[in-house]
J.: 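The structure follows.
Order of the sequence lines sets the chain letters (A, B, ...), proteins ahead of strands, with each chain counted from 1.
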There are 2 protein chains.
Amino acid sequence: MTKLSDVAKKAGVSSTTVSRVINNYGSLSEKTRAKVFSAMKELNYQPNSLARSLQGKKTQLVGVIFPSVTNPFYAELIEDLENKLFGADYKIILCNSANNSEKERSYLRMLQANQVDGIIAGTHNTNIEEYKTLDLPVVSFDRHLSENIPIISSDNYQGAQLATKELIANGANQIYFVGNVNVSPNENPTDLRVQGFEDTLKQHKLESHYFSVKTDNSVAIKKMLIRDFLNNHKVDGIFASDDSTALLIINIAKELNIDIPKQLRVIGFDGTKFIQNYFPELSTISQPISDIADLLISTLELRINDKKNYHNVTLALPNKLIRSSTTASI
Amino acid sequence: MTKLSDVAKKAGVSSTTVSRVINNYGSLSEKTRAKVFSAMKELNYQPNSLARSLQGKKTQLVGVIFPSVTNPFYAELIEDLENKLFGADYKIILCNSANNSEKERSYLRMLQANQVDGIIAGTHNTNIEEYKTLDLPVVSFDRHLSENIPIISSDNYQGAQLATKELIANGANQIYFVGNVNVSPNENPTDLRVQGFEDTLKQHKLESHYFSVKTDNSVAIKKMLIRDFLNNHKVDGIFASDDSTALLIINIAKELNIDIPKQLRVIGFDGTKFIQNYFPELSTISQPISDIADLLISTLELRINDKKNYHNVTLALPNKLIRSSTTASI
DNA sequence: ATGAAAGCGCTAACAG
DNA sequence: CTGTTAGCGCTTTCAT
């Protein structure tokens with residue numbers, strides 16, 4: 001690996017000078033600047049990031065922690081984050097927490113050890129105390145991590161209102177919330193989906209029903225639970241906590257010869273490009289992924305550049321209804 | 001950030017000693033070892049990876065370059081890689097090349113600058129000369145990158161045979177290959193899909209037809225092209241170059257009231273868990289993602305640990321047919 | 001069994 | 001405008 005001093009030697013100047021042209025500071029004559037540049041080209045020189053960071057420069061590394069990358073919603077959010085962070089000259093260390101607290105803790109330690117400039121976390125694991133003591137800028141997506149960690153999310157309450165109203169408007173009145181029903185409400189923004197659902201039904205003098213399918217159940221188990229549910233419950237409208245669950249419900253309804261939307265209306269939540277492209281019949285609530293990514297990054301950069309200024313935000317971006325055939329009027 | 005010398009001071013020993021217990025080498029008395037450990041606990045000490053790597057230790061960082069993370073196949077491969085690399089104490093720097101050669105080059109430079117131990121690349125961009133001069137262990141998925149870079153892939157030829165036979169066996173005889181038809185064949189393993197398709201049809205005395213839908217077309221354009229294609233061609237069997245394309249074909253066939261599989265049999269390629277879970281009707285060729293990940297990693301580790309030993313492999317793992325309703329016999 | 005000192009590749013005062 | 005020097009946090013000879 002060729003190093004700075006090699007360039008210096010070749011250019012016939014001191015290391016300092018080379019460093020100056022790399023970092024473009026201080027005053028240099030055009031002549032030396034040119035000499036150094038050509039020496040760099042010739043040796044195909046790449047500054048060693050490790051060394052630069054060691055004496056104080058930022059690493060331009062950001063830890064990105066999400067439960068998984070195979071869920072299309074996270075995938076699209078991560079892809080957008082990657083794109084935008086690349087533009088801002090950051091690299092991503094990808095951490096899948098995978099519903100595994102121990103793994104998440106381990107990643108947190110590792111990110112510290114690697115001197116990342118900051119962390120974007122959208123984890124599901126709860127009670128990771130480490131976030132409270134972490135001496136690093138952190139921004140959270142959709143979760144309460146610790147007192148002084150800002151939370152960015154879509155407006156789950158408003159989204160749930162949109163979804164529930166859509167079901168009601170199209171004639172449903174035995175309406176279930178199916179999916180991740182949280183036991184400890186009001187801990188996370190996502191619990192607001194349940195709240196918005198319940199309030200909207202109440203306003204329409206309808207009863208709210210719940211059927212719990214945990215996120216960490218395997219798909220086989222989920223399918224079984226849903227099959228059992230559809231077979232044994234009087235239900236004509238379902239607000240699924242996410243699009244994946246909605247897809248499962250629709251598949252099984254088809255299997256059971258339940259007509260959608262005549263007998264059963266279904267609406268999901270997330271509204272990824274993927275769903276819109278490959279499953280356009282699904283009505284859903286679309287989260288503003290690009291805005292979320294923008295906000296996560298700008299909030300993080302604020303913290304990175306000004307560690308004192310802890311204006312402790314909780315920001316919720318509005319969702320949009322995507323109306324399609326699974327909630328069409330009969 | 002507490003540092004090694006802080007621990008040393010607190011434990012009443014020299015930095016050298018602390019370094020010894022961290023790296024577990026040389027001879028230490030049980031007593032000092034204990035003292036140091038408790039000092040580390042007390043100060044919640046995290047060694048600085050940057051500093052360690054600077055004098056020669058590995059960074060335990062691997063660059064992972066794929067076109068995107070929103071394609072379920074790449075997502076599942078990346079997730080598997082992430083899991084396994086985590087187990088081997090590596091962290092991932094995620095690079096989406098996004099059909100953008102300039103971005104890929106930039107990432108390559110950056111990965112060098114960050115002293116990653118190695119790179120796993122599954123790119124689509126061609127003619128990145130940088131791979132040829134890169135002084136870093138690289139392993140490729142499914143692409144020819146440079147003479148001395150090993151290629152791991154599934155057996156595209158055998159997979160295409162399986163798919164084509166399945167179409168024929170179920171009565172198709174106007175059979176098209178739809179999707180990414182490469183212009184410069186035999187450059188990449190994926191071109192073997194076309195070869196396997198053609199050879200199999202020839203063996204059955206059938207003509208092979210092609211309809212090209214480029215990977216980098218937008219979904220809207222793809223849909224339009226496919227709609228046009230289905231409307232204007234006599235076709236009763238399609239081997240789609242990947243499952244996403246297959247899904248699009250199925251959606252549009254439905255729209256056009258073409259009965260699948262009665263009038264048209266469709267088979268895809270990739271066979272992700274995602275497809276199996278959420279679109280179980282699709283017949284497809286399933287690539288052994290877990291084996292691919294294992295092989296990518298073990299091959300990379302071989303190169304990392306023994307830079308001389310360049311046994312220049314090209315390994316193709318067998319695919320499996322997943323038979324489902326889109327190719328069912330009438 | 002432990003420590004002193006040099007150095008990894010780079011940057012940042014401080015001189016001149 | 002340019003160079004000398006010290007030092008970032010850690011590891012590693014070489015002593016003792």
J.: Is the side chain of A:Gln46 donor-acceptor paired with the backbone N or O of B:Gln112 at a distance under 3.5 Å, no angle test?
T.: no
J.: Kindly give the heavy-atom pair with the smallest separation between A:Val139 and A:Leu296, and that separation in Å.
T.: CG1-CD2, 3.5 Å
J.: Quick one: ring-ring contact (aromatic ring centres under 6.0 Å, His included) pairs with a partner in residues 76-96 of chain A, sequence neighbours left out?
T.: A:Phe86-B:Tyr107
J.: Could you list the residues that satisfy salt bridge (Lys or Arg N to Asp or Glu O under 4.0 Å) with A:Glu102, not counting sequence neighbours?
T.: A:Arg105
J.: Going 5' to 3' along DNA chain D, which are the first and last nucleotides with any atom under 4.0 Å from a heavy atom of chain A?
T.: D:dC1 to D:dG9
J.: Hey, does the side chain of A:Asn23 reach the backbone of A:Ser19 with a donor-acceptor pair shorter than 3.5 angstrom?
T.: yes
J.: Kindly state each residue pair satisfying ring-ring contact (aromatic ring centres under 6.0 Å, His included) with at least one member in residues 130-149 of chain B, sequence neighbours excluded.
T.: B:Phe73-B:Phe141
J.: Anything under 30° is parallel, anything over 60° is perpendicular, the rest tilted; go ahead and classify B:Phe66 against B:Tyr74.
T.: tilted
J.: Quick one: does any side-chain atom of B:Glu79 pair with a main-chain N or O of A:Thr70 as donor and acceptor, under 3.5 Å?
T.: yes
J.: Backbone N or O of B:Asn96 within a donor-acceptor pair of the A:Glu82 side chain at under 3.5 Å?
T.: yes
J.: For B:Leu54 and for B:Thr32, locate the closest nucleotide of DNA chain C by heavy-atom distance; then report the residue assigned to the nucleotide nearer the 5' terminus.
T.: B:Thr32
J.: Please identify the 5'-most and 3'-most nucleotides of DNA chain C with any atom under 4.0 angstrom from a heavy atom of chain B.
T.: C:dA1 to C:dG9
J.: For DNA chain C, what residues of residues 15-30 of chain B have any heavy atom nearer than 4.0 Å?
T.: B:Thr16, B:Thr17, B:Arg20, B:Ser27, B:Leu28, B:Ser29
J.: Between A:Asp142 and A:Asn156, is any side-chain donor less than 3.5 angstrom from a side-chain acceptor?
T.: yes
